[in-house]
Amino acid sequence: MAMRDPYLDALEQLDQMRDRAFEAEATIQRVREVLERYRTSPYSEMSQTDALGAVLNALDGDNDA
């Protein structure tokens, strides 16, 4: 059984962590955009229920949130 290089394992883990960080940042940006639309919506076009649904969609990765 071949031994794995601990440095390569660490690099692989760092790559995975970086990818997760990029995904998290994209999710945060989607949620911020939804909340900004809700905050600036004239005459409360978007109800709180609609806003919460849009946030949940943004968390799920829906770009049309």
Side-chain angles (χ1 to χ4, degrees):
M1 178 177 197
M3 297 285 294
R4 290 202 34 115
D5 186 344
Y7 296 109
L8 291 178
D9 289 342
L11 283 174
E12 184 177 316
Q13 288 177 351
L14 284 173
D15 282 343
Q16 291 172 358
M17 289 169 49
R18 184 195 65 220
D19 292 345
R20 287 192 300 261
F22 285 139
E23 290 171 10
E25 185 58 37
T27 299
I28 290 167
Q29 185 59 36
R30 286 192 304 270
V31 170
R32 283 181 178 155
E33 289 169 2
V34 166
L35 293 176
E36 184 63 20
R37 281 198 313 259
Y38 174 71
R39 190 179 70 75
T40 60
S41 179
Y43 309 109
S44 298
E45 282 178 9
M46 185 183 286
S47 71
Q48 287 181 344
T49 304
D50 293 338
L52 289 174
V55 168
L56 288 174
N57 288 339
L59 289 171
D60 286 339
D62 183 6
N63 291 333
D64 298 327

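Values reported hereafter were calculated over all heavy atoms of this structure, with side chains retained and with hydrogens, waters and symmetry mates removed.
- A salt bridge does not link R18 with E23: none of the charged nitrogens is closer than 4.0 Å to a carboxylate oxygen.
- Within the 4.5 Å cutoff, no side-chain heavy atoms of E25 are placed close to those of R20.
- L52 CG to N57 CG: the interatomic distance, rounded to the nearest 0.5 Å, is 11.0 Å.
- A58 and T27 get closest at one heavy-atom pair: O-CG2, 4.1 Å.
- The shortest side-chain heavy-atom distance between L8 and E12 does not fall under the 4.5 Å cut-off.
- To the nearest 0.5 Å, atoms CZ (R30) and CG (L59) are separated by 8.0 Å.
- Take E33 and apply the side-chain hydrogen bond (donor to acceptor under 3.5 Å, both in side chains) test, not counting sequence neighbours, and it matches Q29.
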